[in-house]
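For clarity, every value in this text was computed on a predicted model and none was experimentally measured. So you know, we letter chains A, B, ... as the sequences are listed, proteins then strands, and number each from 1.
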Amino acid sequence: MEKLLLLGAEAIAQGAIDGGMSGVYAYPGTPSTEITEYVQNNKIAIERNIHRQWSANEKTAVEAALGMSYAGKRAMACMKHVGLNVAADPFINSAITGVNGGLVITVADDPSMHSSQNEQDSRFYGKFAMIPMLEPSNQQEAYDMAYESFEISEQFKVPVLIRITTRLSHSRSGITRKELKSENPLTYPEDPIQFVLLPSNARKRYKGLLGIQSAIEEAAEKSEYNKYIEGKDKSLGIIACGIAFNYLMENYPDNNCPHPILKIGQYPMPYSLLDKIVSECEKILVLEDGYPFVEEQIKGYFDKSGKITGRLSGAIPRDGELNPDVVGKALGKEIKQYFKVPEIIANRPPELCSGCAHRDIYNALNETMKEFGKQKVFSDIGCYTLGALPPWNAINSCVDMGASITMAKGAADAGVRPSVAVIGDSTFTHSGMTALLDCVYENTPVTIIIADNATTAMTGGQTSPATGRLEEICIGLGVKPEHVRVLTPLPKFHEEMVKVIREELLYEGVSVIIPRRECIQTATRSKKEQKVKTEEVAQ
Amino acid sequence: MKADIILSGVGGQGIVSIAATIAQAALDNDLFIKQSEVHGMSQRGGAVYSHLRISDKPIASDLIPMGSADIIISVEPMESLRYLPWLKEEGWLVTNSIPFINIPDYPDLNLLHSEIEKFPNHILINADEIARQVKSPRSSNIVMLGAASPFLEISLENFEQAIKKIFGRKGERIVELNIQALHAGREFSLTHKEIK
């Protein structure tokens, strides 16, 4: 079969499609977005009509995937690491309900925070939920694991977590496909109350989850993804999790590592393999991208011997993603560097695109806020977060999806006037609507600017469920229609924008301002596509 | 055969297209490939890079170790210098000479060019001008690919095939313009390489 050149994220998508998936559910988030986008454009997925539309947020995504699993079919929910915080409730509880059709949660962590607000490690969530977990080291494993994950889920009747990191998600390599599996038929769970987590039933289900722990541990012991590679020099043993294995092998070009290696790709941690390497070797180096998940557990609380090394011991930096050089240094290898970056090189941080509507919004907001004082603008996750940087320096917070509105509310409760939130349209429907309801409920004096560019822009222009519905949603939630103000953010309307913003800042109640203009990226793209289509028709 | 390539530029300048074309050409040659790229926030006008590794043997790391890249291909002069710690001692620096200025403290262009010219193995090419000459002003990234092509052990035919595959969706005319851009960039490097 022809090799496909795929990103790690795409390999997971192809593996899931070939593994008989009937639906993918996700909210866009770097570095996970490309999984769902791949399914959306895949021929088989379209022919099979695999569910592939975006969800409002990660929680609704996991819940819908759980519903599909209830109906006997194979489903995957995908998200970035912080998305699993949003989805933590259905995620943890899906381990208690168990599954009917295979259920897989794929989470892309972002060590080094390339596009995120933290570098939390999703393996803790997998352990917390007590479910099997897979961590590929390369694109082929990403494909294979996604392909097999539904069966693992159906075998143990619990969800499976696949954990990848940015580097694997956004790196391409050749993939060999396996045979396409058919989808599961529609079936109902054998036990009609399996999914009813009333305390009496939840206690039974939880005992069941505890009961399968030894079986999922045994599966990890026997997994082909956990490999003990013999080595003569036992002064050091190396444990390499997921992609860390590649950085290790990069330092031993012809597979000539003299030390025993334990490659980990399936969890719970393979205890007897760990026991073997720790008892045979004098010293242990743990290589893992993210937090010291394995290191901390095998070191334990009381071990002060210094035998176990890694991120906690300082052998590897405590934060930031791994790379061949960080690993090489820990192995005592010399790092080559022939040239330095010349001093004249300036930083080039990301910025709002030229022609972006957010520029006009911040110009108007900044001018208005001059009259009202500094540090009163709460913002959110999206392109508009770049308003925190010069030349605007317009916002004072960016914490989690939807937090702008609720933080503005809390600040208003504390006496901040005016208290302003700036949030995007997609972020608003992700997690801002309940926050707005809190404001309406108490008629809190807040001014909420929903910067509507009709897309989920930062992740590359995915559709936004808010498009065409924002006024209705806000009025439906109880905002007074006369305080829902729609504007067109263009330089020529600057004065009008300033006037409207001022009026609403002075209003002692909930107001929503919606500056609306399509994202310059998606607008340019759709214009180009339209042009290609017209030319095709002309030919 | 082994080539470790760093591609650099500013988000939106098309380095992903260069990387995809080289990767496709390598795949058609039955070579192993790893190509790491930047998505997300940095794509908005920030500095972006891609690590592309091709080899006739399996490749371990998605990232190139420091001091071992064979070539830096940059569509922007300042960005070409940002990744120098990855270049090996006898590596090639192949860069567009035309700056993309979207920051207030962009360095003096003459200073930048002289930093580039310090390297014995460098190609400094006005890819924008060459792209205009072949009537494909948007193909300066493919001009850069052409300029880098003599340093990669992949045949011109393979690159042409790859361009057909990558740009095929956009129509025959776009494919033809990009192939012309590839040739023009290659021609520049072949003549300027000889002089040294």
Residues Asp62(B), Asn246(A); criterion side chain to side chain contact (heavy atoms under 4.5 Å, CB included); working and verdict: CA-CA 8 Å; Asp62(B) 297 83; Asn246(A) 302 348; 3.6 Å; yes
Show the nearest heavy-atom pair for residues Tyr338(A) and Gly67(B), with the distance to one decimal. CE1-O, 3.3 Å
Contact part of Glu37(B) toward chain A, heavy-atom cut-off under 4.5 Å: side chain, backbone, both or neither? both
To check you understand the geometry: which heavy-atom pair defines the closest contact between Glu351(A) and Gly45(B), and what is its length? CG-CA, 4.3 Å
Below 4.5 Å from any heavy atom of chain A, which atoms of Ile174(B) appear? Answer side chain, backbone, both or neither. neither
Is Arg525(A) atom CZ crowded by more than 12 heavy atoms from other residues, nucleotides or ligands, each under 6.0 Å away? yes
Looking at Asp325(A) and Met66(B), would you say the former's side chain and the latter's main chain have a donor-acceptor pair under 3.5 Å? yes
Part of Leu352(A) within contact of chain B (heavy atom distance under 4.5 Å): neither
Would you say the side-chain atoms of Arg82(B) pair up with the backbone N or O of Ala346(A), donor to acceptor, closer than 3.5 Å? yes
Applying a strict 4.5 Å limit to non-hydrogen atoms, the region of Ile103(B) in contact with chain A is side chain
For residues Leu7(A) and His39(B), report the shortest heavy-atom separation together with the two atoms involved. CD1-CE1, 3.9 Å
If I measure from the heavy atoms of chain A, does Leu27(B) come under 4.5 Å with its side chain, its backbone, both, or neither? side chain
With a 4.5 angstrom heavy-atom cut-off, could you sort out which part of Glu90(B) is near chain A: side chain, backbone, both or neither? neither
Over all atoms of both residues, closest heavy-atom pair of Leu63(B) and Pro324(A): O-CG, 3.4 Å
Glu250(A)/Lys34(B) salt bridge by N-O under 4.0 Å criterion: no
Which heavy atom of Lys88(B) sits nearest a heavy atom of Phe339(A), and at what distance? O-CE1, 3.4 Å
What part of Asn102(B) gets closer than 4.5 Å to chain A, counting heavy atoms only: side chain, backbone, both or neither? both
When every non-hydrogen atom of Tyr106(B) is compared with those of Arg348(A), the smallest separation belongs to CE1-NH2, 3.7 Å
